[in-house]
Amino acid sequence: MNENEFAELAAGRALHALSDADERRYADALAAHPEWAAIAEHDAETAALLADAAQASVPPAGIRDALLAKIAVTPQTDAAEPAPARTSAPGPASAPDSAERPRRWSRRLFTLAASVVLILGLGIGAAVLIPQLVQPASVVALEKIEAASDAQQATVELESGAEATAHWSASVGSAVLVTAGLDALDEDQTYQLWFVRGEEALPAGLFETEAGAATALLDGAMHEGDVIAVTVEQAGGSPTGLPTTDPIIAIPTA
């Protein structure tokens, strides 16, 4: 599970809208990635804000119908999930068994449905806050760092002209790297983050860029004096757990 998928689960949990299966997926993902707790907390705060700001108001005509129409044409099963093969002999068609074939909502459909609930239940003003419920964990973490009283940042420029800015806060205990202009990599390569602590390099996650830009939350807790580094590794990350190439980015935090 990636952080965007977790963000959508966290949004559903904040709205008390997860199934038992998704509740288990949410709990397992949070246990495996404690650094994603920030997005869950942010979603809970936003949901509370929505509830506090709820007003009995009627949305403009057409909004409900437009959203429901969009839901109607949104695929309700995961596109990558193949249909089960039939092994029984051909026979008369029978009505589908809902217990054996549960309805699978895609995340996009869930977001649309949540939008309908929020807009119709809380008023059109709530729609402005809906995007906050599905922000990536890296964006949520960056906002918390920037709001901290001890927030710090440092920027380096690469020979290619690309820039990378590290944001960190000792009180928040996390770090985020924001890039612009990084080169696109081949499909068999990826960017890998590291905390360099003395002579030790600790893997801190992988990230991809879009048009050279990325906002990446480093996995794990940052320590005072760490160097935030980036290397180019094979797809899936370094197989040894150590950098296999020289860092293209190295930002001291002390």
Side-chain angles (χ1 to χ4, degrees), residues 1-11 13 24-44 134-148 150-156 164-180 182 185 188-210 212-254:
M1 180 184 298
N2 60 40
E3 68 179 46
N4 288 333
E5 292 171 332
F6 177 80
E8 292 172 344
L9 282 177
R13 193 169 194 273
R24 289 192 293 271
R25 292 183 63 221
Y26 169 88
D28 291 345
L30 190 57
H33 297 277
E35 69 276 7
W36 290 351
I39 192 167
E41 295 169 2
H42 179 272
D43 289 354
V134 290
Q135 288 190 93
S138 57
V139 175
V140 175
L142 179 59
E143 291 175 351
K144 287 201 168 189
I145 290 171
E146 291 178 332
D150 61 345
Q152 298 185 66
Q153 67 179 63
T155 301
V156 296
T165 301
H167 300 259
W168 70 93
S169 160
S171 62
V172 174
S174 59
V176 171
L177 184 73
V178 179
T179 68
L182 283 183
L185 298 179
D188 60 350
Q189 294 178 310
T190 189
Y191 288 110
Q192 184 157 4
L193 293 155
W194 305 88
F195 283 123
V196 180
R197 194 166 296 158
E199 299 297 321
E200 186 178 15
L202 305 174
L206 312 176
F207 72 94
E208 298 177 351
T209 63
E210 183 174 345
T215 300
L217 171 63
L218 280 78
D219 295 344
M222 177 183 166
H223 291 191
E224 183 178 357
D226 282 351
V227 174
I228 295 172
V230 176
T231 60
V232 176
E233 303 291 345
Q234 68 182 50
S238 168
T240 65
L242 295 172
T244 63
T245 63
D246 293 334
I248 62 169
I249 296 171
I251 304 178
T253 64

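Position 1 is the first residue of the sequence; numbering continues from there. Keep in mind it's a predicted model, so treat the numbers as computed, not measured.
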- Message: Checking side-chain hydrogen bond (donor to acceptor under 3.5 Å, both in side chains) between T244 and each of E233, Q192, Q234, which is the one that passes?
- Response: E233
- Query: Should the heavy atoms of other residues, nucleotides or ligands under 6.0 Å from CD of Q189 be counted, would the total exceed 12?
  - Reply: yes
- Task: For the pair T253 (side chain) and D226 (backbone), establish whether a donor and an acceptor sit closer than 3.5 Å, ignoring hydrogens and angles.
- Result: yes
- Quick one: ring pair (Phe, Tyr, Trp, His ring centres under 6.0 Å) partners of Y26, sequence neighbours excluded? F6
- Qualifying residue, where the test is side chain to side chain contact (heavy atoms under 4.5 Å, CB included) with Y191 and the options are L177, T231, I248: I248
- Note: H167 and I145 closest approach over all heavy atoms is O-CD1, 3.7 Å
- Among pairs that include at least one residue of residues 136-145, which meet side-chain hydrogen bond (donor to acceptor under 3.5 Å, both in side chains), considering only residues two or more places apart or in two chains? E3-S138, E41-K144
- Query: Which atom pair, heavy atoms only, marks the closest approach of T190 to G237?
  - Reply: CG2-N, 3.9 Å
- Message: Using modelled atom types and a 3.5 Å cut-off, is there a donor and acceptor pairing between side-chain atoms of T240 and backbone atoms of L242?
- Response: yes
- Query: From L142 CG over to S174 OG, what is the distance, rounded to the nearest 0.5 angstrom?
  - Reply: 9.0 Å
- Task: Specify the closest pair of heavy atoms between P136 and I39, including all atoms of both residues, with the distance to one decimal.
- Result: C-CD1, 3.7 Å
- Query: Looking at side-chain heavy atoms only, is the closest gap between F207 and L182 below 4.5 Å?
  - Reply: yes
- Message: Give me the atom names and distance for the closest heavy-atom approach of W36 to A137.
- Response: CD1-CB, 3.8 Å
Can you give me every donor-acceptor pair (side chain of residues 212-223, partner residue at least two apart or in another chain, under 3.5 Å) with its distance?
{"from": "H223", "atom 1": "ND1", "to": "R197", "atom 2": "NH1", "distance (Å)": "3.4"}

- Rounded to the nearest 0.5 Å, how far does OG1 of T165 lie from CD1 of I251? 6.5 Å
- Query: So which heavy atom on W168 is nearest to which on P252, and how close?
  - Reply: CH2-O, 4.2 Å
- Query: What are the two closest non-hydrogen atoms of A141 and V176, and how far apart are they?
  - Reply: CB-CG2, 3.9 Å
- Message: Using side-chain heavy atoms (C-beta onward) and a distance below 4.5 Å, is W194 in contact with P203?
- Response: yes
